[in-house]
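One structure below.
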Amino acid sequence: MKKITLLSAIAALVLASCAGNPEGKKAETSDSVEVTQTEVAGATYNVDTTASKVVWTGTKVTGKHTGTVNIKNGTVTVDNGKLTGANVVLDMTTISSTDLEGEFKEKLDGHLKADDFFGVATHPEASFTVTEVKPGATENDLTISGNLVIKGVSKNITFDAKVLEATETAVKATANFNITRADWGVTYEGKSDDLISKEINFDITLVANK
């Protein structure tokens, strides 16, 4: 009986250590970059908060959860059809799971807003400010770097993005990347037998109008 119990404990420990990260390319992360006051070239577009979307995915040993967080406001700068800058503010008080309902949804949403995760009572907003834009593999592809602020912690991240539309009246861009949540002080590990992934995936659609 003791042998079976020991084997079960070992099996549970191995299972708990296998919380794979969500699908997505991990963004390169470094120290925050000082943003100068130099004006970014181009015309300013206002982010359409109803048409834009931020979808997050987190995985754990037994599955995954997916949800959204609303964009509060933002601007995008475009010069000659090229994206040159952006600043976006997220309303972290709106973070919500979309794969659950009822009591289970309320419980998870409440936990995400608590200090274990994003501590929205103290840090109701997150933000992203572009610090550099480089051309990618094709005319529509970009490599974007910017300061991401979550829970008052600022880190510079670099990820791939794609511009789907850039006209005199509108711009639409998408990006999909992972970050390591502990870099921003989100360190909750989950239950001992159901650990959660170290990375969070963000799938972003950004629409802005003149």
Side-chain angles (χ1 to χ4, degrees), residues 16-33 35 40 47 51-71 74 76-78 81-90 92 95-99 112 117-118 126-151 153-166 171-190 194-208:
S17 66
C18 297
N21 291 315
E23 292 184 9
K25 181 180 178 181
K26 185 178 181 299
E28 296 178 16
T29 304
S30 59
D31 292 338
S32 181
V33 174
V35 179
V40 177
V47 172
S52 301
K53 196 169 187 178
V54 176
V55 177
W56 57 263
T57 299
T59 54
K60 56 182 182 176
V61 171
T62 59
K64 67 178 182 179
H65 290 298
T66 300
T68 59
V69 58
N70 292 348
I71 295 176
V76 175
T77 307
V78 177
K82 305 293 184 181
L83 190 149
T84 55
N87 181 67
V88 178
V89 177
L90 302 181
M92 296 304 294
I95 192 166
S96 172
S97 55
T98 55
D99 62 314
L112 291 173
F117 282 94
F118 296 102
S127 65
F128 179 74
T129 302
V130 170
T131 57
E132 186 177 27
V133 180
K134 293 182 178 180
T138 73
E139 184 177 351
N140 294 331
D141 293 319
L142 299 173
T143 299
I144 293 178
S145 297
N147 292 334
L148 176 63
V149 181
I150 300 175
K151 294 187 75 172
V153 178
S154 181
K155 295 285 185 180
N156 195 265
I157 63 173
T158 300
F159 56 88
D160 297 329
K162 185 178 290 291
V163 176
L164 304 181
E165 177 185 355
V171 58
K172 181 177 182 180
T174 61
N176 186 297
F177 58 87
N178 289 8
I179 62 169
T180 301
R181 56 191 177 83
D183 289 341
W184 286 265
V186 184
T187 56
Y188 179 70
E189 295 183 352
D194 196 13
L195 297 181
I196 59 177
S197 55
K198 294 181 179 180
E199 296 180 9
I200 308 170
N201 174 263
F202 290 106
D203 189 2
I204 301 168
T205 300
L206 194 64
V207 179

Task: Neighbour count >12 (heavy atoms, 6.0 Å) for atom NZ, K151 - done: yes
Open item on the list: Using the side chain to side chain contact (heavy atoms under 4.5 Å, CB included) criterion, which residues pair with N176? Sequence neighbours excluded.
Closed with: N201, D203
- [ ] Please tell me if the side chains of V130 and T77 come closer than 4.5 Å, counting only heavy atoms from C-beta onward.
- [x] no
- [ ] Using modelled atom types only, decide if a donor and an acceptor are shared between the side chain of S52 and the backbone of V207 within a distance under 3.5 Å.
- [x] yes
Open item on the list: Could you work out, with side chain to side chain contact (heavy atoms under 4.5 Å, CB included) as the rule, every residue matching E28, not counting sequence neighbours?
Closed with: T158
TODO: Can you measure from CG (D183) to OG (S154) and round to the nearest 0.5 angstrom?
DONE: 12.0 Å
Task: For T84, all residues meeting side chain to side chain donor-acceptor pair (under 3.5 Å), sequence neighbours excluded - done: none
Task: Donor-acceptor contact present, side-chain R181 to main-chain V186, <3.5 Å - done: yes
Open item on the list: Checking E165 now: which residues fulfil side chain to side chain contact (heavy atoms under 4.5 Å, CB included) with it, not counting sequence neighbours?
Closed with: T167, A170, K172
Open item on the list: For V88 and I204: C-alpha separation, side-chain torsions, deciding distance, then whether side-chain contact (heavy atoms from CB on, under 4.5 Å) applies.
Closed with: CA-CA 12 Å; V88 178; I204 301 168; over 6 Å; no
Task: Which residues share a side chain to side chain donor-acceptor pair (under 3.5 Å) with N87, sequence neighbours left out - done: T129
Task: Donor-acceptor contact below 3.5 Å, side chain T98 vs main chain T66 - done: yes
Task: Residues that K25 engages under salt bridge (Lys or Arg N to Asp or Glu O under 4.0 Å), provided they are two or more places apart - done: D160
Open item on the list: Can you list everything that forms a side chain to side chain donor-acceptor pair (under 3.5 Å) with D141? Sequence neighbours excluded, please.
Closed with: T138, K162
Task: Closest contact, heavy atoms only, G190 versus L195 - done: O-CD2, 4.2 Å
Task: Separation between NZ of K82 and CG of L142, rounded to the nearest 0.5 Å - done: 8.0 Å
Open item on the list: Can you give me the closest heavy-atom contact between N178 and G24, atom names plus distance?
Closed with: ND2-O, 3.5 Å
TODO: Mind checking side chain to side chain contact (heavy atoms under 4.5 Å, CB included) for K155 and listing every partner two or more places apart, or none if nothing turns up?
DONE: T29, D31, V153, W184
Task: side-chain contact (heavy atoms from CB on, under 4.5 Å) partner of T174, chosen from L206, T205, V163 - done: T205
Open item on the list: Looking at every heavy atom in both A166 and G81, which two are closest together, and how far apart are they?
Closed with: CB-O, 3.5 Å
Open item on the list: Restricting to side chain to side chain donor-acceptor pair (under 3.5 Å), what partner residues turn up for S127, sequence neighbours left out?
Closed with: none
Task: Contacts of type ring-ring contact (aromatic ring centres under 6.0 Å, His included), residue F159, not counting sequence neighbours - done: F128, F177
Task: Distance in Å, T131 OG1 paired with I157 CD1, rounded so as to fall on 0.5 Å steps - done: 9.5 Å
Open item on the list: I'd like to know if the side chain of S145 reaches the main chain of E132, judged simply by a donor and an acceptor atom lying under 3.5 Å from each other, with no hydrogens or angles considered.
Closed with: no
Open item on the list: Ignoring hydrogens, what is the shortest heavy-atom contact between N156 and V33? Give both atom names and the distance.
Closed with: ND2-CG2, 3.4 Å
- [ ] Work out which heavy atom in I196 is nearest to a heavy atom in K60; give both atom names and the distance.
- [x] CG2-CB, 3.7 Å
Task: Minimal non-hydrogen separation, E199 against P22, with atom names - done: O-CD, 3.4 Å
TODO: Determine whether I95 and W56 make a side-chain contact, defined as any pair of heavy atoms from C-beta on separated by less than 4.5 Å.
DONE: yes
Task: Check: A182 main-chain N/O paired with T180 side-chain donor or acceptor under 3.5 Å - done: no
Task: From F118 atom CZ to I200 atom CD1, the distance as rounded to the nearest 0.5 Å - done: 4.0 Å
